[in-house]
Amino acid sequence: MSDIILSAQNLTKTYKQRSGRFGFGTTLIKALDDVSISVKQGATLAVVGESGSGKSTLARCLLQLQPLDAGQVQFEGRNLAALSGAELRAARRHMQMVFQDPFASLNPRMKVGEIVGEGLLIHKLGNAAERRDKVAAILQRVGLSVDDMQKYPHQFSGGQRQRIGIARALVLEPKLVVCDEPVSALDVSIQAQILLLLKELQQEMGLSYLFISHDLRVVRHVADEIVVMHRGRVVEHGGVAQIYSNPQQDYTRNLLNSIPGRHRPAVVTT
Amino acid sequence: MSALLQVEGLTVAPAAQPQRLLVNNVSLTLQAGRTTCIVGESGSGKSLTALSIMGLLPPSLQRRSGRVVFQGNDLAGYSNTQMQDVRGKRIGMIFQEPMTSLNPVLTVGYQIGETLAFHLGLSGRVLQARIAALLEQVGIPLERAGSYPDELSGGQRQRVMIAMAIACEPAMLIADEPTTALDVTVQAQILALLDELKSRMNMGMLFITHDFGVVADIADEVAVMFRGEIVEMGAVDKVLGSPQHPYTRALLDCVPDVEGKKPLKPIDYAWLNGAAA
């Protein structure tokens, strides 16, 4: 079991939603319904599903950003719910997140150097000079420059902002990175750059990814294993080749058949 | 056979910076019963091209030159009032975000009826019957006519938008990223619906998208836009099967394929600028 970095058993999460004409009624929505997953060390587990399938709730619950109704999450064999506040904060250093919207997830009043360095400061890693060097190094690694530390997020394009978000997550040298739709707000040419960068960094730093996406074309390129979610439940789970070539569930088949352009073979031009 | 829509040398620039060409010398032709896709990345000028054709450019932008000939008439000479008669009646429009295009305090049936009352002067039982027929055509149960937009799903809202767009049986439909905000299974349904309506009503469809998968599914002809210009145009099989322009080839190399066989290759802009020059 030592090659499993993160595992979750029987996660359940229910939201109350106001309903009816004036919001007097309540409806219970099962965002997670008995979900179990595991992420292998150094590998990528993709969670795919349509809107409302529970995939983002799963990400937030795994990192204990939202309380669970039931179920357990183990990171490197430790039950996260049993950790004290300080222990959980310490563990979070190794579980970082990259968000979907590179516009909303960076504080517009902070310089890029401060945004990327904030995690080091919180976890009290190194002195000021060491922190500065680490931030400079990771910015360069993700394709930005040292001068960018003095700039503000609005001075960057969407793709560059996503690089800043990746730098912020990776400066702490985490073991697991949860990527929640990291490329869905980007143009296809920028998307390709970011996907390749994530893959390179995974190999260099031995990262494990939990990759959340609605885009089955993207997932085909990044995932080792896939979990298909629908209405809060895992409907299918398997290796990437098996899911795409031999899906077992009707829902998965329907999802794959809906991929635009799937009946036209890819053209390799170079 | 004369074209339904002929755009020649369309050029758009900000009023304050007339030399900054956001749409640069764009020419394209659309036939009845055919779909032309304009594909490009953000900022390539694809939406501005569509807005310019409909005479809906924001006041800060100006059409510098070019002709838009629709059913034999140059729309450039049309007054605002004349354009209002064209828009919604002879040219239907669908936009990306159905929630912002629908009025939240009016029922969807009322909003579909508004188009019919304004352009065709329908009222009473005739109007109600037409609303019912349109809802059926786009696959929405009749009892939904009394629903407000927020009570419908994203796909249903886009179906309502389509019902409004085709209400007056327009000769042409302009769809600007109509499925971008939708889930993939819903997207497939909406694309199939648009394609079927296009054939049944013999409409010409100008379809704007950033997604080559969608292009492959729906286009007859495709125009690839880059930095305000159409860099390549032709039959969909030709453009996707043997792309000629370096940008088209580079862009297709960025698109992940379903088989996962093709390596992703980001665009090398330095190389591209050299190759395009």
Side-chain angles (χ1 to χ4, degrees), chain A residues 19-21 48-53 143 157-159 183-199 213-224 226 230 240-241 243-245 250-270, chain B residues 39-44 148 151 153-155 179-192 209-219 226 236-237 239-244 246-269 272:
Chain A
S19 61
R21 255 290 124 92
V48 302
E50 299 191 278
S51 32
S53 61
S157 67
V183 295
S184 51
L186 306 176
D187 268 327
V188 63
S189 62
I190 312 296
Q191 169 177 297
Q193 292 172 6
I194 299 292
L195 290 175
L196 287 177
L197 176 67
L198 285 170
K199 229 169 187 174
S213 180
H214 71 281
D215 189 330
L216 290 139
R217 287 172 287 183
V218 166
V219 163
R220 183 72 181 87
H221 277 261
V222 297
D224 299 302
I226 294 179
H230 182 49
V240 64
I243 294 267
Y244 278 77
S245 60
D250 287 344
Y251 180 73
T252 312
R253 272 193 284 273
N254 186 20
L255 213 51
L256 290 168
N257 277 325
S258 302
I259 300 175
R262 93 171 245 107
H263 306 292
R264 180 182 296 269
V267 183
V268 182
T269 59
T270 42
Chain B
V39 63
E41 298 186 272
S42 353
S44 61
Y148 292 89
E151 297 171 322
S153 67
T179 59
T180 304
L182 304 176
D183 275 326
V184 59
T185 51
V186 182
Q187 166 169 281
Q189 294 163 10
I190 296 290
L191 289 178
T209 181
H210 67 279
D211 189 331
F212 273 107
V214 171
V215 173
D217 281 351
I218 201 161
F226 178 50
V236 63
D237 290 319
V239 173
L240 296 191
S242 58
Q244 298 300 308
Y247 177 72
T248 314
R249 269 184 277 179
L251 197 57
L252 282 168
D253 280 343
C254 296
V255 181
D257 62 313
V258 194
E259 289 87 24
K261 286 177 191 152
K262 191 184 74 168
L264 288 181
K265 202 172 128 223
I267 295 182
D268 180 349
Y269 283 98
L272 184 65

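The structure displayed is predicted, hence computed values, not measured ones. Chain naming here is simple, since letters A, B, ... match the order of the sequence lines and numbering starts at 1 in each.
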Considering the options B:V215, B:V214, B:T248, which one meets the side-chain contact (heavy atoms from CB on, under 4.5 Å) requirement together with B:V39? B:V215

What residue, out of B:A192, B:A188, B:P266, has the most heavy-atom pairs lying under 4.5 Å from chain A? B:P266

State, yes or no, whether a side-chain contact exists between A:H214 and B:V184 at a heavy-atom distance under 4.5 Å. no

If one checks every heavy atom of A:L255 against chain B at 4.5 Å, the contacting part turns out to be both

Identify which part of B:E41 has an atom lying under 4.5 Å from any heavy atom of chain A, answering side chain, backbone, both or neither. both

Test side-chain hydrogen bond (donor to acceptor under 3.5 Å, both in side chains) on A:D187 and B:S42 and set out the steps. CA-CA 7 Å; A:D187 268 327; B:S42 353; 2.5 Å; yes

Under 4.5 Å heavy-atom distance to chain A, tell me which part of B:Y247 shows up: side chain, backbone, both or neither. neither

Most chain B-contacting option - heavy-atom pairs closer than 4.5 Å, from A:S189, A:G52, A:A241, A:A192: A:S189

Looking at every heavy atom in both A:S213 and A:V219, which two are closest together, and how far apart are they? CB-CG2, 3.7 Å

Rounded to the nearest 0.5 Å, the CG atom of B:L272 sits from the CG atom of B:D268 at a distance of 8.0 Å

